[in-house]
Number of protein chains: 2
Amino acid sequence: MKQKSVDTVEFAKAIADETRQNIMAICCCVLLSVNDIVEKTNVAQPTVSHHLKILKTAGLVRSERHGKQVLYTLNQERMAEGCCQVAENFAPEHPVELVD
Amino acid sequence: MKQKSVDTVEFAKAIADETRQNIMAICCCVLLSVNDIVEKTNVAQPTVSHHLKILKTAGLVRSERHGKQVLYTLNQERMAEGCCQVAENFAPEHPVELVD
DNA sequence: TTATCATATCGAAGTTCTTCAATATGTCAA
DNA sequence: TTGACATATTGAAGAACTTCGATATGATAA
């Protein structure tokens, strides 16, 4: 059965920025507020919001509002799917698979 | 034993362009001259050379001169390594592995 | 060596991206 | 409702990227 397809250009663009990769690493296994991320990255709050929007649009983070705060976390499943799709397209002779 | 580390920002930037992904797809399992790639992509020759240089710098293509021509091919092993490294960093709970 | 072909580099134009100050929107407590 | 806090949006400046014409470099054949 075929996986849901991934737009590998959008995926790659979304992760192709150092600040975004910092944010991704920081909220990898935890739920963090925007302010938490601002503090941990030393990047201005509008900048963090902007990057979160790009990651959200690409489906790479989930968010949920808790009161005044909005908590973000990395969507690891989508990350893994993106990686597998890139590998499937561009490394067909070195297969990479999701170990589920 | 630890794999040679991958700069995931450079890796992601290298693949984060539609024209480059076209080139990558085209020379995935074959050796192609720059001119072959120009013809298959409808992109100007200097543009193709520029993209090939970016891919080369990131280690994602190999090249060998054959007479007047320079033949390029995608380095699938490096592609797979890049994908695995991204997954390792950003999807540790959805492990992805290279099936060798 | 010279002419020709293939690729690389240069330089400029246009586009996209990153960043942040200022401000708007949304949420809650009082 | 009002005030205070948290996040999103706007708008502008600068940086980085893509593209291609013109040209340079490298390789071969005659």
Engineer: Rounded to whole Å, please give me the gap between NZ in A:Lys13 and C1' in C:dC17.
Structural biologist: 10 Å
Engineer: Using a 4.0 Å heavy-atom cut-off to protein, can you give one letter per nucleotide of nucleotides 25-30 of chain C, 5' to 3': B if the base is in contact, S if only the sugar-phosphate is, - if neither?
Structural biologist: --BS--
Engineer: Report the distance from atom CD of B:Gln21 to atom C1' of D:dT18, rounded to the nearest whole Å.
Structural biologist: 15 Å
Engineer: Starting from C1' on C:dT19, measure out to CG on A:Asn22 and report it in whole angstrom.
Structural biologist: 15 Å
Engineer: Using whole Å, what does the distance between atom P of nucleotide D:dA16 and atom CG of B:Asp17 come to?
Structural biologist: 17 Å
Engineer: Verify the contact: side-chain N or O of A:Thr19 to OP1 or OP2 of C:dT19, cut-off strictly under 4.0 Å; return yes or no.
Structural biologist: yes
Engineer: Within the structure, does a side-chain N or O atom of B:Tyr72 lie under 4.0 Å from either OP1 or OP2 of C:dA8?
Structural biologist: yes
Engineer: Tell me yes or no: between the side chains of A:Asn22 and A:Thr19, is some donor less than 3.5 Å from an acceptor?
Structural biologist: no
Engineer: List in numerical order all residues of residues 35-49 of chain A for which some heavy atom is under 4.0 Å away from an atom belonging to DNA chain C.
Structural biologist: A:Val43, A:Ala44, A:Pro46, A:Thr47
Engineer: Tell me the interatomic distance from B:Leu32, atom CG, to C:dT7, atom C1', rounded to whole angstroms.
Structural biologist: 15 Å
Engineer: A:Gln69 versus A:Val34: any side-chain heavy-atom pair under 4.5 Å?
Structural biologist: no
Engineer: NE2 of B:His50 versus P of C:dC10: gap in Å, rounded?
Structural biologist: 12 Å
Engineer: Does any part of the side chain of A:Val43, heavy atoms only, come nearer than 4.5 Å to the side chain of A:Val38, both counted from C-beta?
Structural biologist: no
Engineer: Pick the nucleotide of DNA chain C nearest each of B:Gln69 and B:Lys53; which residue has the one closer to the 5' end?
Structural biologist: B:Gln69
Engineer: Answer whether the closest heavy-atom distance between the side chains of B:Ile23 and B:Tyr72 falls below 4.5 Å.
Structural biologist: no
Engineer: In whole angstrom, give the distance that lies between atom CD1 of B:Ile15 and atom P of D:dT18.
Structural biologist: 13 Å
Engineer: Among D:dT18, C:dT19, C:dA8, which is the nearest nucleotide to the side chain of B:Val34?
Structural biologist: C:dA8
Engineer: Roughly how many Å is it from CD in B:Glu10 to P in D:dA16, rounded to a whole number?
Structural biologist: 16 Å
Engineer: Just to confirm, is there a sub-4.0 Å distance from OP1 or OP2 of C:dT18 to any side-chain nitrogen or oxygen of A:Arg20?
Structural biologist: yes
Engineer: With a non-hydrogen cut-off below 4.0 angstrom, is A:His51 in contact with a base, only sugar-phosphate, or nothing?
Structural biologist: sugar-phosphate
Engineer: Does any part of the side chain of B:Ile26, heavy atoms only, come nearer than 4.5 Å to the side chain of B:Thr41, both counted from C-beta?
Structural biologist: yes
Engineer: Is the shortest heavy-atom distance from the side chain of A:Glu64 to the side chain of A:His66 under 4.5 Å?
Structural biologist: yes
Engineer: Tell me whether B:Ile37 shares a hydrophobic cluster with B:Val30, the cluster being built from Ile, Leu, Val, Met, Phe, Trp, Tyr side chains joined at under 4.5 Å.
Structural biologist: yes
Engineer: When hydrophobic residues are tied together by side-chain contacts of less than 4.5 Å, even through go-betweens, does A:Leu98 share a cluster with B:Leu98?
Structural biologist: yes
Engineer: Would you say the side chains of B:Gln85 and B:Asn89 form a donor-acceptor pair under 3.5 Å?
Structural biologist: yes
